[in-house]
Structures are given as structure tokens and as C-alpha cells.
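To keep things clear, I will list the structure first and then write my remarks on it.
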Amino acid sequence: MAAGVSPWLRPRRRNRRLIVWSAGRREDVRCLYSAAMAGARSGKQIASKSEDFDRWYVDVVRRAELADYAPVKGCMVIRPYGYALWERTRDALDAMIKRTGHENMYFPLLIPESYLAKEAEHVEGFAPEVFWVTQGGTRQLEERLAIRPTSETIICSMYADWIHSWRDLPVLINQWCNVARWEKRTRLFLRTAEFLWQEGHTFHATDEEAAAEVDTMLDCYRELAEEWLAMPVIKGRKTESEKFAGARYTLSIEAMMSDGWALQAGTSHHLAQNFTTAYGIRYSDRDNALQHPFQTSWGLSTRIIGGLIMAHGDEAGLVIPPRVAPIQVVVVPITRSDDDEAARIDEACSRIEREVPADVRVRVDRREAMRPGEKFAHWELRGVPVRITVGAKDLVEGNVTLVRRFDGEQTVVPLEGLGARLQSLLDEVQLAMRARAQGLLDQRSVDVQTLDDLVAAFTEQPVFASGPFCNRAECEQAVKASVHALTIRNLRSDRSSDGAPCVACREPAEFVALMARAY
RNA sequence: CGGGGCGUAGCGCAGCCCGGUAGCGCACCUGCUUUGGGAGCAGGGGGUCGCUGGUUCGAAUCCAGUCGCCCCGACCA
């Protein structure tokens, strides 16, 4: 027994009795989850999630080797495992973007100040966050260059030359890129001075078509969050004070983190003709009249990785939904000094490797210097959805042990036919993770009718509170002032107030506001 | 940008009050024994003590400045 493992682990281990999965039916599955968690904690790699959530978050990001701080304040290095997670997320979204008719392209990083300045509300909104390049080599530049905080301005400037006719519309484009914004308070993934994202930009002949585009893309974000990242979200419209600078309106998806705080996970903006007017984009319509097209933009960033971590992680670290997991199944051989036995175990591992379907991402952890217990902790910290342990005891019966990361459920199953069964197991885990996250959201959502209700709702713990709201700035202030750090996340698109009185002013309200503390 | 805290080996820390040329745990390297929940023994490598200046025979330690990071409040994907 390892020094440093809680003493009560010992009897728990003796009690371990797992019934074999026979004829496709599971019986008497014993969960060793809490024991595993205790072991992980004694390894003192990460802070306790329940005791210090913020510290836990940073620990998970760094210890699981997702990312680390870079030398420049607010900047981060995304390490291979974290980048693989982003790639899987990105590829899923990229497919949706293409499925809905968009094409990828690329605009430059540097934007002349004069380009940025044309849309007044936009430039004012972004002014505090822009990085400026003032020098090229040793020479002072004649005009300052902004490092893009977003690309509406340069895209409009270019499309002013490219859009001439109604036949040129719609324009449906997207780019994957980095952007930079000066941030005073930064957090790994959630708010960094430079981040990766996609920004979609479209131009349309009609207001309605643009509005439909804004909805369509928000729904892609919802699909990504729910179907891939197993994070249920609430769709809605941002208030005036929270909308994108220069937009007519902004839609968002808001996800609940496991501490009850909200995370804005994606936004979609209706820009109306605000930019196309300012940037002089005009086309001749069917009647040969000059028109400004209607425009949208929408973005989703590496912040979503932070959301994934906070939505699903537990005391032992990261828990990744199978569909985006860089490694879905890890195989840990329980090596023995007995050569014959070692050879049989190794052959069983190789067989699993051979027999899994090609689209299941499996890794056999053959590191010799590391003991099995440490490997368990290592892969749990990294959130690998399924672990298979291959040891002499199980192998005598032709079995291996299989453990699901997200709930610790452990079963002994026959090696025969294991490969074919893995995909359905992964699908099962994906759905169960989504259901669990939905359960948390349901459990910690409350309806409120008054500010008193609102205050009461937050006395125990952070929640998602929904209540009638008139969408006036004074009432938004009143809501924010009623509970510490509270914000209006969005005006829910799935709920109607039916004219019930606004939580703040008591006048008949048109909307139902989602109110929560947010990252 | 206001308030608080911290910078000593890759990580976590002690040493500082009371100056005398740097230590502990983990990690790392080598060997042997181990291997079903973070192994044991033995040996070994690694640090301009954030930076600059000052005081002093002598500074991780005292003084001044500066930079960076973290946490809490006003702005944001």
C-alpha cells in the first residue's frame, strides 16, 4: 500500500467484488469512485474542487497539461493535449459551419487605425482593449496598426470592393484565427489576452435573411455545446448594455458550470446595416437601386474549453465527453515480473488495440517505469472517458476490467468482443454526461417574480434565476444591484413572460431574463 | 485602475525577524527489488535566492526602487 493513500482505502479495496458482464447483462456493479477520488487527492496534484473551485480550475488546466502561462501577461501556451481537445471541438464546429453553406478564408492580423475607426459605436466599445503596433523594424509607422480584436472592420473594408450586385449575395464566410484584446483580469482559457476562435461574417439582401442567419448559427453553437461537449445551454438575447459594440442585437448561449455560475459560450450578432453603411458597402438590387446589405457575425472561442472543464470536472480532475476526447479509451496493463504472464497481458493489450473500431481513439499505456496506480491517477486527471485494465486475475477468466471516468462505474467484461462493444459504451457515456449536466441545470434553476425572490434564490448557492423583465437599463441596474456579482445573462428565447410584472419596476414585462453570476 | 498577498531548483515550501556564502518534500537521473489505486532501498544531478541600486569586510536575509504573478473590487468571448 502506498504511503500517502488514505487508510480507509484498504478495507474498501478488500471488499472489491465485481460481477462479470455475462451474456450482455451487467449485475452487481460496485462503484469504487470515491475510493479513487481519495487516492487522487492524496496525490496532492490538484486543489479540492469543493473547497477551492478557482484553484482547482487552474490546477486542472496546468496539471492535466492543457495549457500553461506564457511570459507575457494574459497569454497562454496551449499544450498538445489541450490543443487536441480544441482541435476536436473546432473540427466539429467547422463541419457545421460548412454544412450550413459557409466557406473559410483568412484576413490579416493587422488592421489600419483608419479602418477600425469608421463605425463609431464599435471603435468606442473596443478602444480599451486594442493592442497597437506603432513601429516596423526601427521605423515609426505613419499610421498605427491594430492587432485585430475582431475583424468586422477589415472584412467590411474589403467586401466594399467585392460586393456590387444582388447576385453577389449572400456572402457566407468564416475564418479561424487568433485575436488579441487587452484584458485586466485574465484566466486560462476563460479570458486571455490572445485567444483562438472562429468568426463568421455574412452579408444578406434582406433584414429577415440576416436575422435567420443569426438564429441558424446560434443553433450550431447550441448543437456543439449540447451534442459534443455535453453542456446544456440557454439561448437568448443580450441586453443593450451587454450586446456587441455596433450590433443591433446579440444572441448568446449560456451554459451552467458545476458551481452554478454561467459561462457565455458563444455569441451571434445581427449587425443590420450599421457597418455596411459606415464602410460604404453598396450593391444594385433587382430594380437597379443602390442598397446596403444586412450583415451578421458570430464567434466561438477557446473559452469553450474552459467551460468544458468547469462543467464536467470533478475532484480527480478533468472529465471529457467521449466525442471530443483526444484519447477515448486508455488501456493499462497490470504488469507482472513473471515473464509468461507479462507476455499474455501484453498480447491482450495488443488485441484490444487491434480490435477496436478505427474511429475509437485508444491508447495502451505501456510505460514500464510507472506503476498502475499512478497511471490510473494520471489518466483520470486527464479525463479519459474509459479505462481498461488488463491483469492476470481477470485474464484467467478471459476478462478485463472496465471503468467509466465520469461516474466511476466499474465492470468486468470478456476480452472477446470487447472492441465492438466500446463504441456503444462511449455513446452511452456521452449521453449520460449530458443528462447529468442537464440534471444540474434543472436542479439549480429557479423562477422568480420579484427582486426579493431573486435575493432569496441566491442565499444558498449561485443559481440560474429566470423572471419577467422589461429590458430597461434602470431595471437591469436594479437587478444587478440586488445580488452580489449578478448579471443578466440574456433574455430567454424559450420563455415568454405573458405580460407578468417586471421583477424590478412591476410594469408589464415582455421578456424572461436569465439572471446569474457569470465568468 | 484601487485594496491585499507572493517572488528561494521543474513544482510546493523553509531559511529572512537576529547578515557569515542555501536547505526540505515531490519530481528528475542510475542500479536493484517491485507492479490489481499515486512503490522501497541505495547512489546522483540540478539554484546568478525576480531584477536594479544602496548599506556592509560580507546580503536570500537590512534599506530604496523596479518588474512580474496571484487573490478581491470597476470593464469583457
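Proteins come first, then strands; the chains are lettered A, B, ... in the order of their sequence lines, and each starts at number 1. Note that these values count all heavy atoms, side chains included, but never hydrogens, waters or copies made by symmetry.
Separation of the P atoms belonging to B:rA59 and B:rG50 is 15 Å when rounded to the nearest angstrom. Distance check on atom C1': B:rA22 versus B:rC16 gives 12 Å, rounded to whole Å. Here, B:rC24 and B:rG46 have their P atoms 14 Å apart, quoted to the whole Å. For the C1' atoms, the distance from B:rG7 to B:rA60 is 12 Å, rounded to whole Å. A distance of about 43 Å separates the P atoms of B:rG65 and B:rC28, rounded to the whole Å. Taking the P atoms as reference points, B:rC51 lies 15 Å from B:rC67, given to the whole Å. Rounded to the nearest Å, the gap between the P atom of B:rG38 and that of B:rG43 is 25 Å. The separation of B:rA9 from B:rG15, taken at their P atoms, amounts to 15 Å, rounded to a whole angstrom.
One can place CE of A:M76 at 21 Å from P of B:rG68, the figure rounded to the nearest angstrom. Atom pair A:E121:CD and B:rC76:P shows a separation of 12 Å (rounding to whole Å applied). Between the CD atom of A:E242 and the P atom of B:rC75 there is a distance of 10 Å, rounded to whole Å.
The residue among A:D54 and A:T267 whose nearest nucleotide of RNA chain B is located toward the 5' end is A:D54. Between A:V58 and A:T389, the residue whose closest nucleotide on RNA chain B is further toward the 5' end is A:T389.
As the counterpart of B:rC28, B:rG44 is assigned, both hydrogen-bonding distances of the Watson-Crick or G-U wobble pattern falling under 3.5 Å. Using N1 to N3 plus N6-O4 or O6-N4 for Watson-Crick, or N1-O2 and O6-N3 for G-U wobble, each under 3.5 Å, B:rC62 pairs with B:rG54. Within the shown strands, B:rC13 is the pairing partner of B:rG23 under the Watson-Crick or G-U definition, both distances less than 3.5 Å.
Remark: A:R303 fails to qualify as a cation-pi partner of A:F195 under the 6.0 Å distance and 45° angle criteria applied to the six-membered ring.
Using a 4.0 Å heavy-atom distance criterion, A:I304 is classed as making no nucleic acid contact. Across all strands shown, A:G391 has heavy atoms under 4.0 Å from base atoms, whether or not it also approaches the sugar-phosphate. Residue contacts shown for A:T192 include a base, since a base heavy atom lies under 4.0 Å away. Across all strands shown, A:A265 has no heavy atoms under 4.0 Å from either base or sugar-phosphate atoms. Here A:H269 lies out of heavy-atom contact (under 4.0 Å) with every strand.
For A:R55, the CZ atom sits in a loose shell: 12 or fewer heavy atoms of surrounding residues, nucleotides or ligands are nearer than 6.0 Å. The local environment of CD in A:E460 is sparse, with at most 12 non-hydrogen atoms from other residues, nucleotides or ligands closer than 6.0 Å. No more than 12 heavy atoms of other residues, nucleotides or ligands lie within 6.0 Å of CZ in A:R363, so this atom counts as exposed by the packing criterion.
Taking 3.5 Å as the limit, the base of B:rG37 and the side chain of A:E380 contain a donor-acceptor pair of atoms between them. Residue side chain A:R191 reaches the base of B:rC76 through a donor-acceptor N/O pair under 3.5 Å, judged by distance alone.
For A:R387, taking side-chain heavy atoms from C-beta onward, the closest of the listed nucleotides B:rG37, B:rG36, B:rG38 is B:rG37. When the nucleotides B:rG38, B:rU35, B:rG37 are ranked by their closest atom to the side chain of A:F376, B:rG37 comes out on top. For A:K393, whose side chain is taken as the heavy atoms from C-beta onward, the closest listed nucleotide among B:rC76, B:rG36, B:rG38 is B:rG36.
Note on A:H378: every side-chain N or O is 4.0 Å or more away from OP1 and OP2 of B:rG37. One finds a side-chain N or O of A:R371 lying less than 4.0 angstrom from the OP1 or OP2 phosphate oxygen of B:rG36.
Remark: side-chain polar atoms of A:T192 are paired, donor with acceptor, to backbone N or O of A:E194 under 3.5 angstrom.
Using a 4.5 Å heavy-atom threshold, the side chains of A:L425 and A:R404 count as touching.
Between A:H269 and A:T250, the side chains place a donor N or O and an acceptor N or O closer than 3.5 Å (distance only, hydrogens not considered).
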